[in-house]
Structure formats: C-alpha cells, structure tokens
Amino acid sequence: MTKNKNLHGFHLSRRAALAAVAVSAAALFTFAAPAPSFAEDKSIKVGIMSGEDEDVWRVVTSEAAKKGLTIETVIFNDYTQPNEALERGEIDADAFQHQPYLDNQVQQHGYHIVPVGYTGVWPIGLYSKKHKAVAEIPEGAVIGVPNDPSNEGRALRVLQNEGLIKLKDGTGILATVADVSDNPKKIEIKELDAGIVGRSIDDLDAGVVNTDWALKSGLSPAERIAQEPIADNPYRNFIAVKEENKDADWVKTLVSSYQNDTVKAEFDKVYKGTGLSAY
C-alpha cells in the first residue's frame, strides 16, 4: 500500500490472516471536504513510515502549523506497528496503509480505526532486469511476489492482467498461489517478503514489487515492464484515526494540511512520478 505506498512489506501470519478476513474490494470511502483551519491550537502525533514520506510530512507539518495544528511525526520501520500504536492512543493518526490492509488488520486485531482522507497511490509493478517486455518471459521463468495477504493477491492480479497466469473464478483480492487455475508457461511463483522481492531481482526473471520498495531497491521505471491499473485502484493510501475522532475539527485540519498544492508539489518531487496524489 497499501505506497499501497502502495503497502507494502507487512509482517503478518498469512494463513491466519486469510482464515480470519473476508474483505470487500469495493470498500472505498468518500471523505467529507476538509475544513480550512482549526479553531484553536492543538498538538497531535502522526505515525508514518521511514523514508521518502518523512520529506512529504515535513511540508504537511508546516502547512498545519499555519492553521494552529502542531504535528509531531512518529517514525516507524515495521508496518504492523502504527495501527497498534494508534489503537493504544500512543499516536493520534497514522498515514501509511490502503483499505485492504486496514480491513485485514481490523479483522485480525479488532482495531477501531477508520480512514479520513486519501494521500497517494503507488501502483505495484512487474520489474525485470533480464527481459524488456512481458512477452519475453520464458517458459519456466521464476517470478517473485510479496508473500503478505493483501499484496500477494495484488501481485497475482498483475500477472493475470498480463496473461501469464489465470486465477480461479471468484477469487478475491487476497488470492494466493493456491488460487492459480492456469499457468501456461509453467512459471515458478516465488513468495518472498515484500522488502526482499526487489532486492532479489537479479536472481529472478521478474518480480512484482511495491513502488516504495522498488525505489529502495534501486529499480528504475525503465525496468518496470508492467503495472496495475490506476483507475479505480483500491490500494489508495490514506490518513487514519480512531473511529471516535473521525469527525473532530483537528482531523479535518490534518486532512486539509495534506490535501493541497504545496504538499502535492513536494510529493511529486520526492516520488518522481512513481507515486501519484490520490485525492
């Protein structure tokens, strides 16, 4: 994501997650228009992932300060931690995930967390250093995919869209290799941690890599030979808060502090077109 960022490297028990969750891919939200400013000074903590988003959130913090909202960013390196911290009240909001990932987390842990404003989308892509086009991928090729519940299904759909595999009819967004019904090129699909796929690309014929991990792995857009559709993408990332706070004035100010042209300019600069604003 979830960059999803596009999302992206989660440490979950895959089989437990699949047994516990039934996610609707149509669970998209329409967010209320953010208020232009906050009525009184307030300080909040927002959990984000380390890396490029730190640069983006420095600008968000500056925009919020103009409206009387002080933001302290709390940096995480593990995707399982921000929602836990939010649920416990250690932070007031987080911004790192997409809807399928949050749905999974809610089913797993009973969190009372809801999205309040979209941020960006990072289309997951198929990368290769050995082949210049999908048509060049040979019989028996080894293709890496992320092994966490939400991103593995996302990756398999990229392979299906490119005609490399076919998934069973009715398969949801949490598809696994077990759901592959047709594999004409007898491709070996290698399930790896999301953060490892891109770093293993030299040993693979190709790999489906989350955009944030592609950047961290040094992969370039020129090495991306396919990507998921952007239109109606269910993996848009968002700002999330505890359900009890969703209508609070400071939440509206937080969202408006992100959703503006100043932040978009920094977002575009940081992500160089690999991520797209999603509001």
Side-chain angles (χ1 to χ4, degrees), residues 1-10 31 34 44-67 69-79 81-82 91 93-99 101-102 115-127 146 151 154 194-199 201 207-224 227-231 233-240 253-279:
M1 193 180 278
T2 50
K3 195 329 166 66
N4 237 220
K5 352 195 314 63
N6 241 213
L7 302 183
H8 316 23
F10 315 124
F31 301 114
I44 63 169
K45 294 181 179 181
V46 179
I48 64 173
M49 301 306 296
S50 62
E52 294 81 7
D53 243 16
E54 293 179 66
D55 293 329
V56 175
W57 276 87
R58 274 190 278 273
V59 178
V60 178
T61 298
S62 176
E63 291 299 298
K66 299 173 185 177
K67 304 173 183 181
L69 181 64
T70 300
I71 297 175
E72 175 188 345
T73 54
V74 179
I75 311 302
F76 293 92
N77 294 296
D78 183 332
Y79 286 100
Q81 294 176 350
I91 57 177
D94 63 33
F96 76 102
Q97 65 194 317
H98 50 57
Q99 192 65 51
Y101 182 69
L102 177 58
V116 291
Y118 288 119
T119 55
V121 61
W122 289 260
I124 200 168
L126 179 65
Y127 292 80
N151 282 307
R154 187 179 183 183
I196 300 299
V197 182
R199 295 170 186 168
I201 202 72
V208 184
V209 187
N210 294 83
T211 301
D212 60 337
W213 285 116
L215 288 172
K216 290 178 173 67
S217 302
L219 294 172
S220 72
E223 292 161 329
R224 186 173 59 216
Q227 74 174 28
E228 68 186 357
I230 296 173
N233 193 307
Y235 297 99
R236 288 176 287 176
N237 281 19
F238 47 70
I239 298 167
T253 301
L254 173 60
V255 173
S256 70
S257 297
Y258 193 106
Q259 295 181 350
N260 58 71
D261 290 342
T262 302
V263 172
K264 184 180 183 302
E266 181 66 16
F267 184 100
D268 292 343
K269 174 184 174 183
V270 167
Y271 286 105
K272 302 174 183 177
T274 57
L276 304 171
S277 295
Y279 48 86

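The residues of the chain are indexed from 1 along the displayed sequence.
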Chemist: Looking at S256, is its backbone amide N or carbonyl O close enough to the side chain of Q259 to form a donor-acceptor pair, meaning the two atoms are under 3.5 Å apart?
Modeler: no

Chemist: Tell me, do Y258 and Y118 make a side-chain contact under 4.5 Å, heavy atoms counted?
Modeler: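 A side-chain contact is absent here, since even the closest heavy-atom pair is not under 4.5 Å.
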
Chemist: Given 3.5 Å as the limit, does a donor-acceptor pair link the side chain of E223 with the main chain of S220, or not?
Modeler: yes

Chemist: Considering all heavy atoms of both residues, which atom of N77 and which atom of S50 are nearest to each other, and what is their separation?
Modeler: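 Smallest heavy-atom distance, with atoms named: OD1-OG, 2.6 Å.
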
Chemist: Looking at every heavy atom in both P146 and N151, which two are closest together, and how far apart are they?
Modeler: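 For P146 and N151, the tightest heavy-atom pair comes out as CB-CB, 3.8 Å.
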
Chemist: Enter the distance from I201:CD1 to Y127:OH here, rounded to the nearest 0.5 Å.
Modeler: 9.5 Å

Chemist: Any heavy-atom pair between the side chains of V263 and V56 that's under 4.5 Å?
Modeler: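 The answer is yes, as the side chains (C-beta and beyond) meet within the 4.5 Å cut-off.
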
Chemist: Side-chain contact, heavy-atom cut-off 4.5 Å: V59 with T262?
Modeler: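 They are in side-chain contact.
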
Chemist: For A93 and I239, work out which heavy atoms get closest and say how close.
Modeler: CB-CG2, 4.3 Å

Chemist: Please tell me if the side chains of L102 and P115 come closer than 4.5 Å, counting only heavy atoms from C-beta onward.
Modeler: yes

Chemist: Mind checking the CD1-CD spacing from I71 to E63? Nearest 0.5 Å is all I need.
Modeler: 10.0 Å

Chemist: Can Y279 and R236 be said to form a side chain to side chain contact (heavy atoms under 4.5 Å, CB included), step by step?
Modeler: CA-CA 9 Å; Y279 48 86; R236 288 176 287 176; over 6 Å; no

Chemist: Please check: side-chain N/O of Q227 versus main-chain N/O of I124, any donor-acceptor pairing under 3.5 Å?
Modeler: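 No, because the side chain of Q227 does not come within donor-acceptor range (under 3.5 Å) of the backbone of I124.
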
Chemist: Would Q97 and Y79 count as a side chain to side chain contact (heavy atoms under 4.5 Å, CB included) here? Give the steps.
Modeler: CA-CA 8 Å; Q97 65 194 317; Y79 286 100; over 6 Å; no

Chemist: So, K216 and E52, do they make that salt bridge, N to O below 4.0 Å?
Modeler: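 Answer for the salt bridge query: yes.
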
Chemist: What's the separation between atom CZ in R224 and atom CG in L219, rounded to the nearest 0.5 Å?
Modeler: 10.0 Å

Chemist: Start with the C-alpha gap between I44 and E72, add the side-chain angles, then the distance that decides, and say whether side chain to side chain contact (heavy atoms under 4.5 Å, CB included) holds.
Modeler: CA-CA 6 Å; I44 63 169; E72 175 188 345; over 6 Å; no

Chemist: Do side-chain atoms of D268 reach the backbone of A265 as a donor and acceptor pair under 3.5 angstrom?
Modeler: no

Chemist: With rounding to the nearest 0.5 Å, note down the distance linking CD1 in I48 to OG1 in T73.
Modeler: 4.5 Å

Chemist: Got a donor-acceptor contact below 3.5 angstrom from the Y235 side chain to the Y101 backbone?
Modeler: no

Chemist: Under the 3.5 angstrom rule, does the side chain of N210 hit a backbone N or O of W213 as a donor-acceptor pair?
Modeler: no

Chemist: On a heavy-atom basis, which atom in A95 and which in D53 lie closest, and how many Å separate them?
Modeler: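 Scanning both residues, the minimum pair turns out to be O-OD2, 4.0 Å.
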
Chemist: When rounded to the nearest 0.5 angstrom, what distance separates CG in L254 from NZ in K67?
Modeler: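 Rounded to the nearest 0.5 Å, the CG-NZ separation comes to 9.5 Å.
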
Chemist: Working to the nearest 0.5 angstrom, can you tell me the gap between E54 CD and T61 OG1?
Modeler: 11.0 Å

Chemist: With distance as the sole test, does N237 use its side chain to make a donor-acceptor pair with the main-chain N or O of F96 at under 3.5 Å?
Modeler: yes

Chemist: Main chain of P123, side chain of T211: is a donor-acceptor contact present, judged purely on distance under 3.5 Å?
Modeler: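 Yes.
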
